[in-house]
Amino acid sequence: MSSEHMQIGEVSARTELSLRTIRHYEETGLVIPSARSQGGFRLYTETDVARLMVIRRMKPLGFTLDEMRDLLEVTDRLDARGTPTGAERGEREALLERVRAYEAAAAHKIEDLRVQLSRAEEFAATLRARVEQARS
């Protein structure tokens, strides 16, 4: 095994994703191991780990697997391009616009989570006050 490749256990530890979750993402086509060992073990690169981290960050915001797949495809296409020619500039701008849309969606979802957290904190404070009141 090359020093640039990691087995699934190390990837799991680094990403804080379970082995089962990583395998699920492989089954759904989100992150395919870059290689296999002679014994058939999945081998991952830093690029694979980075993809898993994108997914891990999108998941709590409620993005779907299809949305994750789309964003990864867009970023792969952006990363694969060098300096765009005239004709490619329009496509590049369209790809960047899709990334901007995901950024806006993430910001909106984060704001929704802040509201939910605030309500949860208010609820917990109400319960604490009841407990304190009952002790008096």
Side-chain angles (χ1 to χ4, degrees):
M1 179 171 66
S2 159
S3 63
E4 64 192 41
H5 286 102
M6 297 164 265
Q7 290 188 356
I8 194 169
E10 182 180 348
V11 173
S12 174
R14 289 190 50 196
T15 61
E16 298 178 350
L17 294 169
S18 70
L19 300 177
R20 182 177 179 207
T21 297
I22 295 170
R23 288 184 190 112
H24 173 69
Y25 292 150
E26 178 185 1
E27 290 168 9
T28 59
L30 286 173
V31 178
I32 306 299
S34 291
R36 292 266 181 176
S37 70
Q38 288 183 349
F41 294 104
R42 294 166 176 86
L43 298 176
Y44 297 87
T45 63
E46 289 296 332
T47 300
D48 299 326
V49 170
R51 289 176 70 84
L52 285 164
M53 292 303 293
V54 168
I55 296 165
R56 193 187 92 180
R57 291 176 181 126
M58 291 180 82
K59 182 92 171 118
L61 295 176
F63 286 99
T64 67
L65 292 176
D66 285 338
E67 289 169 325
M68 293 174 192
R69 187 176 295 106
D70 181 57
L71 179 60
L72 289 169
E73 177 189 313
V74 168
T75 56
D76 286 348
R77 288 171 61 191
L78 284 169
D79 291 346
R81 301 192 182 283
T83 304
T85 64
E88 293 172 331
R89 283 191 187 103
E91 182 183 358
R92 182 174 178 78
E93 188 54 40
L95 293 171
L96 288 171
E97 190 55 38
R98 284 169 62 191
V99 173
R100 287 184 198 105
Y102 280 107
E103 178 191 17
H108 180 75
K109 291 172 186 241
I110 289 167
E111 187 54 37
D112 288 347
L113 287 171
R114 284 191 177 115
V115 168
Q116 288 179 354
L117 178 59
S118 175
R119 289 177 182 157
E121 288 171 335
E122 289 172 6
F123 176 66
T126 300
L127 293 176
R128 276 191 303 276
R130 265 192 193 267
V131 169
E132 290 301 318
Q133 184 181 27
R135 287 184 183 166
S136 304

Do the side chains of [Y] and [X] get nearer than 4.5 Å, heavy atoms only?
X    : Y   : result
T75  : R51 : no
R14  : E46 : yes
L113 : L61 : yes
L43  : Q7  : yes

### Query
Should E111 and H108 be marked as a side-chain contact (heavy atoms from CB on, under 4.5 Å) after you check the CA-CA gap, both sets of side-chain angles, and the distance that decides it?
CA-CA 5 Å; E111 187 54 37; H108 180 75; 5.6 Å; no
### Query
Does the pair E97/R100 count as a salt bridge with the N-to-O cut at 4.0 Å?
yes
### Option among V99, D66, I55 that satisfies the side-chain contact (heavy atoms from CB on, under 4.5 Å) test with L71
V99
Look up atom [atom1] in [X] and atom [atom2] in [Y], then write down how far apart they are to the nearest 0.5 Å.
X   : Y    : atom1 : atom2 : result
Y44 : E10  : OH    : CD    : 12.0 Å
R98 : Y102 : CZ    : OH    : 6.5 Å
D70 : T64  : CG    : OG1   : 9.0 Å
T21 : L30  : OG1   : CG    : 11.5 Å
L72 : E67  : CG    : CD    : 12.0 Å
T15 : L52  : OG1   : CG    : 5.5 Å

### Message
Applying a strict under-4.5 Å side-chain criterion to I, L, V, M, F, W and Y, I'd like to know whether L17 and F41 cluster together.
### Response
no
#### Entry: In one Ile/Leu/Val/Met/Phe/Trp/Tyr side-chain cluster, 4.5 Å: L19, I32
no
Shortest non-hydrogen separation from [X] to [Y] and the atoms involved:
X   : Y   : value
V31 : D48 : CG1-O, 4.0 Å
T45 : S34 : OG1-OG, 3.5 Å
M68 : F63 : CE-O, 3.4 Å

### Task
Please step through salt bridge (charged side-chain N to carboxylate O under 4.0 Å, His left out) for the pair E93 and R89, ending with a clear verdict.
CA-CA 6 Å; E93 188 54 40; R89 283 191 187 103; over 6 Å; no
### Message
Tell me if the CD atom of E73 is crowded by more than 12 foreign heavy atoms within 6.0 Å.
### Response
yes
### Query
What pairs of residues pass the salt bridge (Lys or Arg N to Asp or Glu O under 4.0 Å) test when at least one of them lies in residues 16-30, not counting sequence neighbours?
E16-R56, E26-R36, E26-R42
### Task
For residues 120-136, pull every pair meeting side chain to side chain donor-acceptor pair (under 3.5 Å), keeping only residues two or more places apart or in separate chains.
E132-R135
